[in-house]
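Structure first, commentary second.
Just so you know, these numbers come straight off a predicted model, no measurement behind them. All heavy atoms count here, side chains included; hydrogens, waters and symmetry mates do not. In what follows, chains are A, B, ... by sequence order, proteins preceding strands, each numbered from 1.
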Amino acid sequence: MALYGTDPQPGYLIPSSDRKPKLPFEYRFHKTPMPLLSQGLYFNESTLPNPCSNPDHGPPSRWVYYYARGLLQCALDLTPLSWNLVIRGYSSSSHPREAVLVFHEMRARGPSPNKFTFPFLLKACARTLDFEIGKQVQAYIVKNGTNSDIYVQNTLIHFYGSCGKILDARQVFEEMSLRTVVSWTAIITAYVENLQYEESLKTFYLMRICRFEPDQTTMVVLLSACAELGHLNKGRLFHAQVIANGFAMSVQLGTALVNMFAKCGNIDCAYRVFSIMPERNVWSWSAMIIGLAQHGQAGEALRLFSYMKHIKSVVPNYVTYLGVLSACTHAGLVEDGYRFFHDMVHVHKIEPMMTHYSAMVDTLGRNGRLEEAYKFITDMPIAADGVVWRTLLGACSIHDVRNAGDVREKVRKRLLELEPARGENYVMVSNMYAKIGLWEEVVKVREVMREEGLRKSAGESSIEVGGLLYTFFCGDDSQGDCPHIYRLLDVLILHMKSTIGIDEGNSAFWLSD
DNA sequence: CTAGGGTTAG
């Protein structure tokens, strides 16, 4: 609930049958003095403030909403503009659903919605992922005759993309008679949001063939696609285009570049971009901290975090803490992990998400503190998910497996109860037993898998060689010289064993299945 | 009064 700030609670509807202007219930019981409608209108249509005109200024105070709604109720002969402003306010607030309710009121007793109404309304539907409502809105748009408006069409693409309906988004895009760079970016974004990164790049090439020039927003989206694909060469190319086009290094563009370089394995370039960014916010800092943590530079990540907080006075958010906790995991800093976790909850009032819990479990587990990790899980205020249990099971497999029987068995039981249909879990359990030589258990687990018809779903990875991206699956031998690849892998494992002392069990664990 | 954007573990 803390997330909702001081907004009014949803579900409040002004009864349309009530002719006499009356203040809403919540309005009457509000503690702070507020302007009374009976003393005349304090706002008119042109001065009605947009409660969310600048999201950086925090959530709007609740009376702004009540006042706006009271105004809609009391005033007669309102133009669509008044309604649109209230719908706009809600669509970018933390209660976007309310925008839809206001729209219903508008249809029931207000003027006819116009072409400005729908972009706001669809934005609200996109934010609430309300596909059914949005679909109805689209039908209404067609009836209303505003479906040829380019703003409406672009928002429709965005809406369908957000709801995971990429085909609907594509259809809207195809049927457009006129497109702008915004339309192209919207459909490219829809592909990225739906994890179809290759398709997003293809659409970009098509965009270029149609002689549209990308802008900053397009580049930001493409860079995030490169980051997800790990496609450093493409990312570099887009970076070059950013420079060649003379695009200003905005916060979003800089953050996207930092993230792309970090995800593609070039932490030095990430840091270089980060250091020349003219402006940074918590997202930029988070991207850099996560990048450093993922590259094993935990000390640097924590130093940066401290610098961000104390010197730059940037307030960390839950993503920043993901990076910080992951740095603690990689550096084996259990006590620091506890301390950061505590700060996150009690100083910054951030409610931990499952990922934060699993990072803590990972930190404890990797340090061999298996009992403690188990207790941490059972003390969590929310039920642990499969990821958390798998994290701890993984820790049981690498730490003192022979003596960890107690925790190990409890974890195995909980995991298989929670996700009995997930093949990967059985593979993990079976490998763990194999490692400590409990072969009869291995046979039992494999038996269960066979009976239930369970298989491990194929893990997917990709690697860039000579500018070409190769995507492959677990056990996939379609990539040409397979024996050669495995021989090379053996050499690499041998090298790791001799340099950092990876033990036999571990490499067997990695290579299984 | 309108459209598209960055950060999320193992």
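Looking at heavy-atom distances under 4.0 Å, A/T117 makes no contact with the nucleic acid at all. Residue contacts shown for A/T180 include a base, since a base heavy atom lies under 4.0 Å away. Residue contacts shown for A/V251 include a base, since a base heavy atom lies under 4.0 Å away. Residue contacts shown for A/F118 are absent, as no nucleic acid heavy atom lies under 4.0 Å away. Counting non-hydrogen atoms under 4.0 angstrom, A/R366 reaches the backbone sugars and phosphates but no base. A/T329 comes within contact range of no nucleotide atom at all, as no heavy-atom separation falls under 4.0 Å. Within 4.0 Å (heavy atoms only), A/V181 reaches at least one base atom of the nucleic acid.
Side chain of A/Q294, nearest nucleotide from B/dG10, B/dA9, B/dG4: B/dA9. Of the candidate nucleotides B/dA3, B/dT2, B/dT7, B/dT7 has the atom nearest to the side chain of A/A287. Among B/dA3, B/dG5, B/dT7, the nucleotide with an atom closest to any side-chain atom of A/V221 is B/dG5. With B/dA9, B/dG4, B/dT2 as the choices, the nucleotide that has an atom nearest any side-chain atom of A/T355 turns out to be B/dA9. Of the candidate nucleotides B/dT8, B/dG5, B/dG4, B/dT8 has the atom lying nearest to any side-chain atom of A/I290. Among the nucleotides B/dC1, B/dT7, B/dA3, the one closest to any side-chain atom of A/R88 is B/dC1. The side chain of A/L85 has B/dC1 as its nearest neighbour among B/dG5, B/dT7, B/dC1. Checked against B/dG5, B/dA9, B/dT2, the side chain of A/V387 finds its nearest nucleotide in B/dA9. Between B/dT8, B/dG10, B/dC1, one nucleotide has an atom nearer to the side chain of A/N114 than all others, and that is B/dC1. Comparing B/dT7, B/dC1, B/dG5 by their closest approach to the side chain of A/L81 singles out B/dC1.
Rounded to an integer number of Å, the gap from NE2 of A/H356 to C1' of B/dG10 is 15 Å. In this structure, CG of A/D362 is placed 17 Å from P of B/dT8, rounded to the nearest angstrom. The distance from atom CD1 of A/I166 to atom C1' of B/dG4 is 13 Å, rounded to the nearest whole Å. Atoms CD (A/E279) and P (B/dT7) sit 18 Å apart, rounded to a whole Å. The interatomic distance linking A/I350 (CD1) with B/dT7 (P) rounds to 18 Å, in whole Å. As a whole-Å value, the separation of A/F212 CZ from B/dG4 P is 18 Å. When rounded to the nearest whole Å, the span between CG of A/N281 and C1' of B/dG5 equals 13 Å. The distance between atom NZ of A/K115 and atom P of B/dT2, rounded to the nearest whole Å, is 12 Å.
Side-chain rings of A/H239 and A/F261 approach one another, their centers coming within less than 6.0 Å.
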List the steps, then state whether side chain to side chain contact (heavy atoms under 4.5 Å, CB included) holds for A/M354 with A/V387.
-> CA-CA 9 Å; A/M354 199 58 83; A/V387 179; 5.9 Å; no
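In this pair, A/F376 and A/F341 present their aromatic rings perpendicular. The plane angle is above 60°, beyond the 30 to 60° band. Aromatic ring pairs are classed by plane angle as parallel below 30°, tilted from 30° to 60° and perpendicular above 60°; the pair A/F305 and A/F340 is perpendicular.
The shortest distance between the side-chain N/O atoms of A/N154 and the OP1/OP2 oxygens of B/dG4 is not below 4.0 Å. Side-chain N/O atoms of A/H330 include one lying less than 4.0 angstrom from OP1 or OP2 on B/dG10.
The main-chain N or O of A/Y318 is found under 3.5 Å from a side-chain atom of A/H356 such that the two form a donor-acceptor pair.
Side-chain atoms of A/S358 and A/R390, non-hydrogen and from C-beta on, never get closer than 4.5 Å to each other.
A donor N or O paired with an acceptor N or O is found under 3.5 Å between the base of B/dA9 and the side-chain atoms of A/S358.
Applying the 5.5 angstrom centroid cut-off and the 30 degree plane-angle cut-off, the aromatic ring of A/F116 is not stacked upon the base of B/dT2.
Exactly one of A/F120, A/Y90, A/Y140, A/W83 qualifies for a ring-ring contact (aromatic ring centres under 6.0 Å, His included) with A/F103. That residue is A/Y140.
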